[in-house]
Amino acid sequence: MPPIDKDKYLCIGCGACAYRCPKQCITYSENIVGQYVPVVDYDSCIECKLCEKVCPVYSEDIPEKTSKYNDIVGNYLSSYKGFDKAFRKTSASGGLLTAVLYQLIKVGEIDYAVCVRNKSKGLSFYSYEFIKTPEELRLASKSAYYPLEMSDMLRHIKEKNGKYALVVLPCQAKAIRTLQKHDKILRERIKYLLGLVCGGVPGKAMVEYVANDNGKDILEIRQVSFRDKNSYDLNRNCSVTLSVTEQKSIRSNFMEGAFGFSYLNKLFHYKGCNLCDDIFAEYADAAFMDAWLPEHNQDIYGTSICIFRNEKLNDILADYFSRNDNCEEVDISLSIKAQNSVGLIQRKKKQSYFKRRLYRRIGYLTPDSGHHHISIKENLKFLIRSIQELFIQNKSFKEWNKYKRKEISFESYKSTMIKFINKIKKI
């Protein structure tokens, strides 16, 4: 039997297995912290194990190296840094991803841009949207620190003819590339994957945590918006806004608020994210990220760095970048420097390799560890940090479960986690 619905299987809730299953016997439910987890109907399962083969955590598919390759970034053709004035204020970072989608729709290269967009009804707060006009892009131009699974979105693409560009996370890009190898329709219709640099995906409970920390029940929240910008907070201190009424909202920022505390301590993250070693969405045709560089520390609205891997996409956008006075072509090393400044390079390369071996020893099913030289000092440091991370997540899951069962109050959960995190990080 495939183990994808077992506790020791490190699922990241992408939905690829549900889409790929020939018997359609895999559905998704939400666990106590709002993560999507697979549910297998074993009476219908034929044990073909196709679900395991498309899982981005365990799939052995790797991109074929091209002539321009970097061990950290992967394949690349060109890299740009800058912003687009038309989209900068309403987008995550400098708006270059939105600008690229705008250009692709404008020149007829795609019929639909598939993005995640916030909505104002239901408890999901976000959904996949199929955007047909450049004007609609502004409404779906921010990042979402929120889980969504892709199976229905991919089924829609299979049922409706057209040319699509998808905005995806690194794990989703890998899953889609694997699916495309076996699915001619997806291969023909999905023209471009535009990837986002990702630090991990939290469950829906993170939004509930922010609401509760501000004295509101999750049922009172009408809409959620991440990466909100304003004229007095720097871009590094991005915020989440929870709308209660048309006039009243909750704002929690990244540096001091409940948003940052819950995200940075990974209180509700998928454990599969802990083992991810793909920083720059290596399976995507292009990757987009914040320019976390000293010269942009005082940015209010943000600056983007983007990496292009697809020759056709690179050629289509060459004219746009040559005309944009706020952009410049930069060396690929700048993207590495930008992400190294926030710790992603070490955490998602060497540390992920170490964690794969550690998790395997304590009973988790883990992918191949690859090969990295780790010094004795690094081994000790990674061991401490990995144990801290795992203990915090397990403690959070246990205490949040108590809270949701009404065995403890939210204040008790919060107090317990603050004390636990302060204690364990002294190690």
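- Heavy-atom minimum distance, Val240 versus Val224: CG2-CG1, 3.8 Å.
- Contact annotation: the side chain of Phe382 approaches that of Lys350 to within less than 4.5 Å [non-hydrogen atoms, C-beta and beyond].
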request  = Might you work through the side-chain contact (heavy atoms from CB on, under 4.5 Å) test for Lys160 and Phe130, ending with a clear yes or no?
outcome  = CA-CA 11 Å; Lys160 187 174 180 61; Phe130 295 82; over 6 Å; no
task = Go through the steps for Lys414 and Asp213 under the test side-chain contact (heavy atoms from CB on, under 4.5 Å), then give the verdict.
result = CA-CA 8 Å; Lys414 178 183 174 182; Asp213 190 60; 2.5 Å; yes
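- Side-chain N/O atoms of Ser91 and Thr98 include a donor and acceptor closer than 3.5 Å.
- Listed for the Ser93 side chain is a donor-acceptor partner under 3.5 Å among the backbone atoms of Thr303.
- Residue pairs meeting the ring pair (Phe, Tyr, Trp, His ring centres under 6.0 Å) criterion with at least one member in residues 157-193, sequence neighbours excluded, are Tyr112-Tyr164.
- Here the closest non-hydrogen pair linking Lys229 and Asn235 is CE-OD1, 3.9 Å.
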Side-chain donor/acceptor pairs under 3.5 Å, residues 7-17, sequence neighbours excluded:
none

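- Two residues are said to be in side-chain contact when any heavy atoms from C-beta on lie closer than 4.5 Å; Ile105 and Thr133 fail this criterion.
- Counted by atom type alone, Asn70 and Lys65 present zero donor-acceptor pairs between their side chains at under 3.5 Å.
- Side-chain atoms of Asn274 and Gln393 form a donor-acceptor pair, as typed in the model, at a separation below 3.5 Å.
- In Ile46, the CD1 atom is crowded: over 12 heavy atoms of neighbouring residues, nucleotides or ligands sit closer than 6.0 Å.
- Residues satisfying the salt bridge (Lys or Arg N to Asp or Glu O under 4.0 Å) test with Lys132, not counting sequence neighbours, are none.
- For the pair Cys171 and Pro56, the tightest heavy-atom approach, listed with the atom from each and the gap, is O-CB, 3.3 Å.
- Between Lys312 and Glu109, at least one side-chain N (NZ, or NE/NH1/NH2) sits under 4.0 Å from a carboxylate O, which counts as a salt bridge.
- The nearest pair of heavy atoms linking Leu317 to Val100 is CD1-CG1, 3.6 Å.
- Listed by first and then second residue, the ring pair (Phe, Tyr, Trp, His ring centres under 6.0 Å) pairs that reach into residues 399-422 are Tyr209-Phe410, Phe268-Trp400, Trp400-Tyr403, Trp400-Tyr413, Tyr403-Phe410, sequence neighbours excluded.
- With sequence neighbours left out, Arg88 forms a salt bridge (Lys or Arg N to Asp or Glu O under 4.0 Å) with Asp299.
- Sequence neighbours left out, the pairs with a member in residues 141-154 that pass salt bridge (Lys or Arg N to Asp or Glu O under 4.0 Å) are Lys142-Asp228, Asp152-Arg155.
- Contacts of Asp183 classified as salt bridge (Lys or Arg N to Asp or Glu O under 4.0 Å), with partners at least two apart in sequence or in another chain: Lys158.
- Between Tyr36 and Ser29, every side-chain heavy-atom pair lies at or beyond the 4.5 Å cut-off.
- Across every non-hydrogen atom of Leu97 and Leu194, the tightest pair is CD1-CD1, 3.6 Å.
- Rounded to the nearest 0.5 angstrom, Leu166 CG and Leu154 CG are separated by 7.0 Å.
- Looking only at side-chain heavy atoms (C-beta outward), Thr366 and Leu275 come within less than 4.5 Å of each other.
- Proximity of Lys216 to Leu242: side-chain heavy atoms (C-beta onward) are nowhere separated by under 4.5 Å.
- Within the 4.5 Å cutoff, no side-chain heavy atoms of Val116 are placed close to those of Val167.
- The salt bridge (Lys or Arg N to Asp or Glu O under 4.0 Å) pairs that include a residue from residues 25-44 are Glu30-Lys204, where partners are two or more places apart or lie in different chains.
- At most 12 non-hydrogen atoms from other residues, nucleotides or ligands lie less than 6.0 angstrom from NZ of Lys337.
- Using cut-offs of 30° and 60° for the angle between ring planes, the Tyr145 and Phe226 rings count as tilted.
- In this structure, Pro170 and Cys198 approach most closely via the heavy-atom pair CD-CB, 3.7 Å.
- In this structure, Ile62 places its CD1 atom where only 12 or fewer heavy-atom neighbours from other residues, nucleotides or ligands lie under 6.0 Å away.
- Side-chain atoms of Tyr76 and Asn314 form no donor-acceptor pair, as typed in the model, at a separation below 3.5 Å.
- Atom CZ of residue Arg251 and atom OG of residue Ser239 lie 4.0 Å apart, to the nearest 0.5 angstrom.
- For Glu311, there are no salt bridge (Lys or Arg N to Asp or Glu O under 4.0 Å) partners at least two apart in sequence or on another chain.
- By the side-chain contact (heavy atoms from CB on, under 4.5 Å) test, Asn422 is found to be paired with Ile418, residues two or more places apart in sequence or in another chain being considered.
- For Arg361 and Tyr359, the positive end is not near the middle of the six-membered ring at less than 6.0 Å and at most 45° from its axis.
- Pairs engaging residues 379-391 under the salt bridge (Lys or Arg N to Asp or Glu O under 4.0 Å) rule: Lys266-Glu389, Lys355-Glu389 [sequence neighbours left out].
- Aromatic ring centres of Tyr102 and Phe87 lie closer together than 6.0 Å.
- Taking the six-membered ring where the residue is Trp, Phe254 and Phe259 present perpendicular rings, their angle passing 60° and hence far from 30°.
- In this structure, Asn394 CG and Glu399 CD are separated by 11.5 Å, a value rounded to the nearest 0.5 Å.
- Here Ile387 contributes atom CD1 and Ile392 contributes atom CD1; the two are 12.0 Å apart, rounded to the nearest 0.5 Å.
- The structure places CD of Glu52 at 10.0 Å from CD of Glu47, a figure rounded to the nearest 0.5 Å.
- Looking at Met417 and Leu267, their side chains come closer than 4.5 Å, going by heavy atoms from C-beta outward.
- Remark: Glu407 CD is packed, more than 12 non-hydrogen atoms of other residues, nucleotides or ligands lying under 6.0 Å away.
- Around atom OH of Tyr69, more than 12 heavy atoms belonging to other residues, nucleotides or ligands sit under 6.0 Å away.
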task = Would you please test Asn212 and Glu411 for side-chain contact (heavy atoms from CB on, under 4.5 Å) and show each step?
result = CA-CA 9 Å; Asn212 292 168; Glu411 288 303 322; over 6 Å; no
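- Donor-acceptor pairing under 3.5 Å is recorded for the side chains of Ser127 and Glu129.
- The shortest distance between side-chain heavy atoms of Cys48 and Pro22 falls below 4.5 Å.
- Rounding to the nearest 0.5 Å places SG of Cys21 at 8.0 Å from CG of Leu50.
- Residues Tyr263 and His269 place their aromatic rings such that the two centres sit under 6.0 Å apart.
- The pair Lys191-Asp111 does not meet the salt-bridge criterion, since no charged nitrogen lies less than 4.0 angstrom from a carboxylate oxygen.
- Contacts classified as salt bridge (Lys or Arg N to Asp or Glu O under 4.0 Å) and involving residues 269-282 (residues at least two apart or in different chains) are given here: Asp277-Arg356, Glu282-Lys349.
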request  = Evaluate the criterion side-chain contact (heavy atoms from CB on, under 4.5 Å) for residue pair Phe354 and Ser386; output intermediate values, then yes/no.
outcome  = CA-CA 9 Å; Phe354 178 88; Ser386 299; 3.8 Å; yes
